[in-house]
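Reviewing the structure listed below.
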Amino acid sequence: MEGDVHGAHGAFEPFLPGLVILLPLVGFLLNGALALAAGRRSAEAVRQGREPDFMHGHERPLTHRLPTWIGPGVVGLAFVVALINFVRMMGADLHEPVIRTYWTWMATGSLKVEAAIQLDQLSMVMMLVVTGVGFLIHVFSVGYMGEDPGYPRYFAYLNLFVFFMLILVMGASFPVLFVGWEGVGFCSYILIGYWFTDREKADAGKKAFIVNRIGDFGFLVAMFLLYTTFGTLNFVEIFDQAPSVLVYGGGLVTAVTLLLLLGATGKSAQIPLYVWLPDAMAGPTPVSALIHAATMVTAGVYMVARTSVLFALAPAGSLAVALIGAATALFAATIGLAQYDIKRVLAYSTISQLGYMFVGVGVGAYAAGIFHLMTHAFFKALLFLGSGAVIHAMHHALHHTHSQADPQDMRNMGGLRKFMPITWIVMWVATLAIAGIWPFAGFFSKDEIIWYAGARAEGPYGQWYTLIWVACLAAAMLTAIYMTRLMVMTFHGRNRTGEKEAHHLHEAPPVMWVPLVVLAVLSVFGGWVNVPQAIQESFLGGFGLLPMAEWLHHWLHPVTGPAEEILTRYAGGFAHHAPFGGGELLWAVLSTSAALAVVLVSARVVSGIAYKPAHEDVEPTGLRRVLYRKYYVDELYDALVVRPVVRLSRFAWKIVDQGIVDGVANGLGYLARAFGWIATLFQTGSVNTYAFFLVVGVLVVLWRVAF
Amino acid sequence: MTLDFSTPAHYLVALLPELVLSLWGMVVLLAGVWKKEEEGRPSADDLGTLSLVGLLLAAGANGWLYTAGSTGGHGMVTVDEFRLFANWIFLVAAFLSISISFTYVFRQRLQAAETYSLMLFAVVGMMLMGGSHNLILIFLALELMSVAVYALAAINRRDRRSAEAGLKYFLLGAFSSGFFLYGIALIYGATGTVDVLQIQRVVIQGEAVAGLLFGGIALLAVGFAFKVAAVPFHMWTPDVYEGAPTPVTAFMATGVKAAAFVAFLRVFLVAFDAVYETWYSVFWWLAAVTMVAANLMALVQSNVKRMLAYSSIAHGGYLLVALVAANETASAALLFYLLVYALMNIGAFAVVVSVARQGEERLQIEDYAGLGWQKPALGVFLTVFLLSLAGFPGTGGFMGKIFLLQGAVDSELWVLAVVLVMATLISYWYYLRVAWYMWMKEAPEAEAHAGVMTSMPMKVALVTAVGLVLFLGLFPSVGLGVAERSVAALFEAAGTMGRVIP
């Protein structure tokens with residue numbers, strides 16, 4: 001399969017790469033215009049005392065029909081363009097990124113930043129994931145959001161998000177990446193608070209925004225450090241010079257990587273900045289699937305992979321990435337065990353899986369990190385959309401009977417497989433994938449990360465890596481437990497929805513389940529693009545039947561190669577056995593069998609528990625309560641950070657600002673106005689005065705020039 | 001084509017934009033009196049449209065001149081990119097000013113043909129000022145422009161304030177023209193020539209009579225300072241700007257000022273470059289005093305039109321900094337800022353015209369209360385213009401100030417740079433006060449702004465101005481690049497380069 005990447009021929013000729021970015025922007029503008037028109041019309045209707053016409057009736061207005069085609073259409077087209085570029089890149093021999101510069105964005109002194117995009121193997125993978133998964137989620141949204149009054153606004157936001165996400169992954173320099181970085185943050189904020197009339201949801205948006213700002217601070221400082229060191233912010237130049245300019249393990253590169261890591265923990269919801277992601281589930285479920293599972297939250301992983309040269313030069317920084325990743329993976333998985341809200345389980349699951357990706361890029365297996373990013377995009381998007389289908393059905397059923405029960409609480413579900421068989425099947429596919437069962441996608445990607453973490457156990461910081469390896473294995477087992485629990489509580493056992501409500505439960509419409517099926521297919525086969533050599537040749541790979549051994553690894557090699565070289569030179573390569581012996585194949589067999597066993601056992605255990613509907617249930621006690629309350633981290637942050645800051649702000653506002661600053665500023669203002677008033681006294685309106693002053697001026701000027 | 005200045009006929013080609021506008025001015029004038037008694041007589045709006053067409057033709061001619069080179073020595077006019085860039089500024093200013101005049105001319109029953117043709121003639125004067133190498137021609141152009149503008153200030157003959165403005169402007173303008181002409185005479189006495197390039201040569205070779213030369217420089221500086229309304233030569237400005245019809249004020253505050261600055265730059269940075277040390281301190285003080293005093297006086301204004309008058313004096317102060325800096329960066333910044341200034345200032349005046357309804361009423365700041373909520377588009381536009389005038393990031397005004405500061409810093413004018421920033425800070429107060437009234441104050445009654453209407457040309461002008469102000473704020477390198485090339489052409493032709501004070 002090497003031939004696919006290297007055996008090629010000729011230079012890479014990009015096909016309208018700017019169009020990939022431009023199309024979603026066009027979609028945003030069109031949908032935005034429709035949203036404005038719709039808003040204006042409904043405001044008019046309200047003023048005349050009518051109900052806005054899209055609320056009832058079957059004939060939907062044009063503003064609510066066009067986005068159906070524009071929204072998914074532009075993203076689909078962008079995917080097609082990306083695919084053409086991908087095919088061309090496969091057929092070409094590309095070792096250096098292709099840079100497309102559009103215009104000079106800013107040029108001040110020695111800093112010159114250009115609006116440029118970078119096409120290489122890494123950005124290509126990201127483009128395909130963003131537009132491909134994005135397209136499916138857009139299609140799903142047509143069904144899910146169809147009855148929402150803000151339908152065009154929703155698609156405008158979603159298109160805008162895709163636009164910024166593409167800038168993020170295609171930017172050729174740190175500032176351009178940062179534009180995307182902030183842009184997706186903003187879109188995330190407006191989409192979490194999409195139903196902004198609900199105070200709690202608007203607050204969740206704000207929380208995400210503020211927590212992310214802390215991370216951005218790190219990112220910005222890292223950017224300044226890089227600029228003062230290199231005098232440029234372009235990726236290509238920095239990464240070319242880095243090995244010679246920066247000292248391996250030196251203070252500067254360690255500081256830069258730790259600051260970048262701070263930025264990444266914010267965006268990718270890692271300890272300690274993960275707290276915003278569970279609350280971000282307040283947004284519409286497809287948004288959770290797209291932004292808070294498949295794409296935006298993986299931006300931190302992408303960034304680490306993109307700056308892999310820097311991280312490879314900073315062993316302590318890399319270790320920090322892996323440690324935080326492992327800790328988050330384990331920590332979030334334990335919280336996921338005790339949650340009842342179906343989306344919250346998935347949110348913690350996402351945090352946990354992102355932890356795996358951090359471990360991957362932290363231990364230096366950059367391709368493995370990106371690989372898990374990709375497969376995770378498939379199965380986690382599937383899980384979220386599937387949960388969306390469930391919530392959709394629950395919501396309708398509860399709506400019909402005017403029940404106040406929570407449509408997202410799994411205690412209110414149960415036995416749904418009878419009503420929604422397709423959703424049930426595809427969600428099991430995703431569950432097996434995330435649990436790491438052979439031959440589903442998650443098995444290959446997660447196993448690779450765990451394997452590489454273990455393979456570092458003999459190099460520098462070996463004990464730490466052993467610890468990380470153990471944590472990852474433990475988290476993998478927990479993943480199997482909480483996912484099985486989710487599936488059993490939702491789809492199996494007795495139905496707890498209620499007699500009347502159960503009549504109204506039904507399968508999602510085709511526009512929703514077709515994307516689910518596509519994602520399910522990807523969740524099965526998506527992992528086959530990077531089957532490790534050892535597994536491919538064994539019985540798990542059908543003795544060579546599975547195609548494309550380590551294809552993704554080879555594909556990304558031009559991007560990750562320099563970093564891998566640095567790692568090999570300074571830290572030694574990866575070992576060929578796990579910390580306690582055993583080869584890749586052995587551990588793969590062990591982990592998939594263990595995962596399968598855990599799934600079976602926990603399915604039995606969970607089936608045996610008699611859950612009660614949420615309103616009849618009591619708060620859990622003991623350890624489960626600690627888990628249910630998410631280790632009280634939100635409360636802790638509130639007491640340690642939020643309240644002191646609020647108190648400090650209040651002091652700064654009342655005493656410092658209103659008292660001292662305002663006093664001085666107002667005083668100066670009065671003084672300035674007094675001077676102005678005196679000066680205008682000369683403005684008599686009489687020409688004689690004016691001419692007099694003119695002559696005085698002439699005399700002064702003559703005097704200044706002459707002497 | 002290549003223009004050969006040894007052939008007189010080629011002068012006509014070099015003067016194509018000016019000639020087009022002169023002829024078109026007459027056409028507009030004639031169209032106004034044509035068939036006076038009949039029904040088919042062109043309306044005021046037709047005449048306005050006709051003048052806009054003339055400006056477009058002149059713009060076409062100006063664009064075409066970019067393709068022309070010149071040989072055979074140099075004449076009284078040049079065909080360098082500097083002149084052409086300056087022409088763009090005048091054309092934009094005139095185009096926007098005429099666009100915002102339509103309703104005003106109609107409602108105030110001004111003589112449309114006279115108003116518009118005078119504007120076109122004034123533009124001819126500006127263009128000649130910016131393009132001339134010859135002090136005599138610069139003077140003639142200055143007078144051509146000034147006389148047209150004197151008349152424009154007084155064009156509303158039913159309004160006493162308009163007449164007063166015209167007369168004041170004329171008396172003081174004539175007075176300052178005397179100084180200007182006397183300055184030219186002294187310089188001729190000192191150097192034996194009135195050609196800018198030759199003066200430069202004589203001055204560099206040290207053959208000029210020092211006393212006469214310095215006296216001439218001082219008087220010339222006074223003449224220019226009067227036109228750009230630098231403190232203390234600004235006394236006429238608030239009265240004239242307030243009294244003149246608002247579109248004319250917009251035109252004066254931008255076009256006239258731009259023309260004076262462009263000629264100023266050419267004369268002082270080319271002819272008197274070698275004796276920089278003698279004149280820079282004068283301009284240093286003029287700039288500093290203008291910035292501080294104008295901003296302080298603007299603080300206490302409650303009449304928006306008068307506030308904008310002081311604001312335009314203040315902007316003259318900022319632009320003077322570029323002359324003091326006297327390097328290439330600052331000169332390019334000057335051109336860039338003049339362009340942005342024309343856009344944002346006329347934009348602001350356009351909103352004043354709209355709000356004023358019947359011509360010259362509702363000019364107090366209280367009259368803007370609640371405007372933003374009742375007329376959101378106008379409110380947003382005026383807010384953008386005010387923010388740009390104040391120098392808020394994201395607008396062209398901000399980038400213009402940044403470039404000016406960069407020029408000042410390049411010449412190590414630290415104190416002046418600090419004064420500029422402080423003055424800008426003061427200006428935020430009175431600009432934002434208007435925005436505050438628009439958005440934060442309740443309108444006195446629900447239909448307070450019902451009579452505020454914008455005609456189609458006005459809308460076009462507003463949208464163009466807002467778009468360009470934001471565009472130049474977000475993508476400043478586009479405008480600055482052209483300005484830098486234009487300035488480079490000027491310095492290259494003159495053989496001088498931007499200086500850095502040792």
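Of the two parts of B:Ile426, neither the backbone nor the side chain holds a non-hydrogen atom closer than 4.5 Å to a non-hydrogen atom of chain A. In this structure, chain A has a heavy atom under 4.5 Å from the side chain of B:Phe226, while its backbone stays farther away.
No more than 12 heavy atoms of other residues, nucleotides or ligands lie within 6.0 Å of OH in B:Tyr182, so this atom counts as exposed by the packing criterion. Within 6.0 Å of CZ in B:Phe170 there are 12 or fewer heavy atoms belonging to other residues, nucleotides or ligands. For CH2 of B:Trp373, the number of neighbouring non-hydrogen atoms (other residues, nucleotides, ligands) closer than 6.0 Å is 12 at most. Residue A:Tyr194 places its OH atom among more than 12 non-hydrogen atoms of other residues, nucleotides or ligands, all under 6.0 Å distant. For A:Phe692, the CZ atom is loosely surrounded, since the number of other residues' heavy atoms within 6.0 Å does not exceed 12. Within 6.0 Å of CZ in A:Arg213 there are more than 12 heavy atoms belonging to other residues, nucleotides or ligands.
Against chain A, the residues from residues 234-242 of chain B that qualify, each with a non-hydrogen atom under 4.5 angstrom away, are B:His234, B:Met235, B:Trp236, B:Pro238, B:Asp239 in number order.
In terms of heavy atoms, B:Phe214 sits closest to A:Val705 at O-CG1, 3.5 Å. Scanning both residues, A:Arg704 and B:Ser281, for their nearest heavy atoms gives NH2-OG, 3.2 Å. Taking both residues in full, the closest heavy atoms of B:Pro232 and A:Gly697 are given as CG-CA, 4.0 Å, listed atom of the first, atom of the second, then distance.
Residues A:Val700 and B:Trp285 have side chains not in contact (no heavy-atom distance under 4.5 Å, counting atoms from C-beta outward). By the 4.5 Å heavy-atom criterion applied to side chains, B:Phe233 and A:Val698 are counted as neighbours.
The distance from the CZ atom of A:Phe675 to the CG atom of B:Leu296 is 8.0 Å, given to the nearest 0.5 Å. With rounding to the nearest 0.5 angstrom, the CE atom of B:Met297 is 14.5 Å from the CZ atom of A:Arg673.
Comparing B:Val300, B:Leu474, B:Val478 by how many heavy-atom pairs each has under 4.5 Å with chain A, the most go to B:Val300.
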